[in-house]
Amino acid sequence: MNLDFLNESQRQAVLMTDGPVMILAGAGSGKTRTLVARIQYLLEEKRVSPYQILAVTFSNKAAREMRERLAVNTSVNVGTLQVTTFHAFCAKVLRMEATYLGLSKNFTIYDDGESQSIIKAILTKRGINQKELSPYTVAAFIDGLKNLGYYMGLARNADVEKYAEDKRLFDIFMEYEAELHRSNAVDFGGLITGVLNLFRSYPEVLQKYQQKFKYVLVDEYQDTNRAQFDLILQLSQTHRNLCVVGDEDQSIYSWRGADIRNILDYESVFPEAKLIKLEQNYRSSKKIIEAASEVISRNLARKGKQMWTDNDEGEEIRIVECRDDKAEADFVGQQIRHLVQEGVSLKDIAVFYRNNAHSRTIEDALRKEKFPYRVVAGIKFYDRKEIKDMISYMRVVVNKKDSLALTRIINTPARGVGATSLRKLEDEAVRLQLSLFELLEKIVESPAEFKHLSLSGKVQSAVYQLVHLIQEVQVLETQNHSPSFSYEKLLNESGYYEVLRADKSYEGAARLENLEELMSAIKQFEDSENEPNMVKFLETITLDTTVSEDGSTDQVSLMTVHGSKGLEYPYVFLIGIEENIFPSYKSLEVGPVALEEERRLFYVAMTRAMKQLTITFAQSRLLWGSIKFNGPSQFLHEIPAQYYRWDFFQTGSKKAQFDNYSQSYDDWDQSNHSSDDQVFYKEKVYQTKKAVANLSNYPSGSKIVHALYGEGTVLDTEGLGQDEKVTILFRDGVRKKFMVKFAPLQKA
DNA sequence: GTTGCGCAGATTTTT
DNA sequence: TCTGCGCAAC
């Protein structure tokens, strides 16, 4: 196999197949290329059976990309090669070994929303007010426990002990686990801890997998949590061929349980581990890479890589100060228009923001310019009510212990089973230790035994019909009919379709359309699977929420910075780069560790850009109903001056702009002075000063030539007219402050 | 069951 | 300012 297309470190990463290896792969360093080559090398040169290789990643996106590239490059049959996500891998293992844990193999996977529904029910049952203890808090607690790898019955380590101190939350956790088990359901975290539990309780099962997987590879290693760390350690214990690939500087999901200790501690767990750093960047211009490196170098929690590139010097980064959020959006729209005029295609342009709320102004601007765009990860398709409803029907078919799903649909569409009847049924189910559906079946079987429930005739016939529908579809399933066939039956015979069709509103039509789309999703799934069935389909849509795209359409991409990880675009706009937004106010409250994560996030954003990076911020922004003056992000000051150009953008004349400014200042003066306004006031003054600065002859960022010191960049301006003073950074790094009227200055 | 009011809260969200 | 919710009233 020819490895000439790899650089020296990449080649090492491919060739060091045996023993533990940690690859620190910087942004744009050809990580996927290297990983694919490594697997290919194992298959073709080392003659390892694909069956013995396990490659796990965190996201479906990464798994898919790797699979596709392997399929293209490798001559060996890739069929039995496992390239999946942690969750999909664990789901597979759990289904195979379900009986060990008292599950059945058709268990349901609950997503975050469903977990929270269970939690809500528990809180209500315990009479705990949701304001006193929010379901979200409980969910985060449970998630935190599972991220650490804790499951019921495991001896607690120090990390877990801290959690167990809160007796009340821990109690709720236990009840939650019991409820999930009763429902034959597993949540996301439980997929991982379930396997840990399985491995610990049944060493012979663990051994089977340990022997099977001779080579284990982990991608996106910086995003793994403690539970996943534990899992891969166990899996690779026999052969010790564990290769992890990650970038500590791109760890941006600690709030989701990603544990940077996994990277920082790797060498203490594997003292014999080889460390390989991929430091050459193939993606971005020198200016971008060097600037980004400077920024990230301020972080303390890192192993330390020095990224470099052979690429061109490239353009300066543009930092653009806009008057307000509206102007910022106009600016981006206008710039995109210029790019298009230069022949750039829209798919090469992306706009990133710190939080979803900021997509709106940009969307407006793009609509105005009539540029097509796509908002990545807006409202999730599978979160829509009608989709969840139909999925719940399918879930009950597949898993009759899934009482959550049944509660959702027992009266959807309305069939006269109201809250009172439902309560009666639920109580009876608890009394008889049956799931809700099992109870309904019994009622249908022998109604006489349930006279004491005094169900109305309407309720009885509704139950009768629902149970029959579900049972009929269950039969279809055992006869291996296609999921789409079952879906259609459910949709029609439940009355769901009819009710929506009768709804003549725009919304109703949209819902029907969504249900059509669900149908195509099922069909598409059927085409891609060897033996499609409903269990698999339901698993796929909870574990992989990516909705297939229209493909090659030429449009601008809009997304959060988190969403941009792993992607690259020639032209990138980073908007809203203001203090309190990016870094977020929350991270500023929490402290330096959180700030470092924000810095990594900023680093991720910068390193997506290949040719041109434009960073914008607004002097004032309409936020939460009032105008906020946040000022530029501290991260902007961390970019050394030689890498950027600081511009000012306004709509209308400078004069008008300034007047506008004074006016908002006056407006404020007349407003009431609450305690918050202290801060507000200071920011205003700063902003006013800024505005003044931009009326100067030498605004911040402009290039000058000084008769004595030579070329330099204006860092700061204060005063106006006769009083104007400028601080200048000269090329040799010297800083000087001058009175403009005396200094021999010229614009460069 | 649906509608409407009042109130709190308002990062990120690979699975 | 906008949204999402829980709860009360039709």
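Scope of the values below: all heavy atoms of this structure, side chains included, with no hydrogens, waters or symmetry mates. Chain A is the first sequence line, chain B the second, and so forth, proteins listed ahead of strands; every chain is numbered from 1.
Taking CD1 from I109(A) and CZ from R395(A), the interatomic distance works out to 8.5 Å, rounded to the nearest 0.5 Å.
Heavy atoms of G566(A) sit nowhere under 4.0 angstrom from any nucleic acid atom. Residue T560(A) is in sugar-phosphate contact alone, with no base atom involved, counting any heavy-atom pair closer than 4.0 Å across all strands shown. The residue N355(A) sits close only to the backbone: its heavy atoms come under 4.0 Å of sugar-phosphate atoms, none of a base. D111(A) comes within 4.0 angstrom of nothing in the nucleic acid, heavy atoms only.
The 5' end of DNA chain B is approached more closely, in terms of each residue's nearest nucleotide, by G418(A) than by the other of G418(A) and V561(A). Sequence order on DNA chain B of the closest nucleotides to K61(A) and Y136(A) puts Y136(A) first from the 5' end.
Judged by distance alone, the side chain of N147(A) and the main-chain N or O of A227(A) form no donor-acceptor pair under 3.5 Å.
The interatomic distance linking F58(A) (CZ) with dT12(B) (C1') rounds to 14 Å, in whole Å. Rounded to whole Å, atom C1' of dT13(B) lies 8 Å from atom NE2 of H562(A). The distance between atom CZ of F188(A) and atom P of dT14(B), rounded to the nearest whole Å, is 9 Å. Regarding L623(A), its CG atom lies at a distance of 13 Å from the P atom of dA10(B), rounded to whole Å. Here the C1' atom of nucleotide dT13(B) and the OH atom of Y382(A) are 18 Å apart, to the nearest Å. As a whole-Å value, the separation of Y221(A) OH from dT14(B) C1' is 18 Å. Put simply, CD1 on I581(A) is 14 Å from C1' on dT12(B), counting in whole angstrom units. As a whole-Å value, the separation of M559(A) CE from dT14(B) P is 13 Å.
Atom C1' of dC5(C) sits at a distance of 22 Å from the matching atom of dT12(B), rounded to the whole Å. Atom P of dG4(C) sits at a distance of 16 Å from the matching atom of dT13(B), rounded to the whole Å.
For dT13(B), the OP1/OP2 oxygens have a side-chain nitrogen or oxygen of N356(A) closer than 4.0 Å.
Closest to the side chain of W624(A), out of dA10(B), dG6(C), dT13(B), is dA10(B). With distances taken from any side-chain atom of R354(A) to the nucleotides dT14(B), dT12(B), dG1(B), the minimum falls on dT12(B). Closest approach to the N411(A) side chain among dA10(B), dT13(B), dG1(B) is made by dG1(B) (side chain taken as heavy atoms from C-beta onward).
For DNA chain B, the residues of residues 586-599 of chain A within the heavy-atom distance limit of 4.0 Å (strictly under) are K586(A), E598(A), sorted by number.
The aromatic ring of Y253(A) is not stacked on the base of dT12(B), since the criterion of ring centres less than 5.5 Å apart with planes inclined by under 30° is not met.
The pair E65(A)-R69(A) counts as a salt bridge, with a side-chain nitrogen and a carboxylate oxygen less than 4.0 angstrom apart.
In R360(A), the CZ atom is not crowded: 12 or fewer heavy atoms of neighbouring residues, nucleotides or ligands sit closer than 6.0 Å. Heavy-atom neighbours of R501(A) CZ from other residues, nucleotides or ligands within 6.0 Å: at or below the threshold of 12. Counting non-hydrogen atoms of neighbouring residues, nucleotides and ligands closer than 6.0 angstrom, the NZ atom of K61(A) exceeds 12 such neighbours.
Looking at E598(A) and Y603(A), their side chains never bring a donor and an acceptor atom within 3.5 Å of each other.
Between F199(A) and Y209(A), the ring planes lie tilted relative to each other; the angle falls in the 30° to 60° range.
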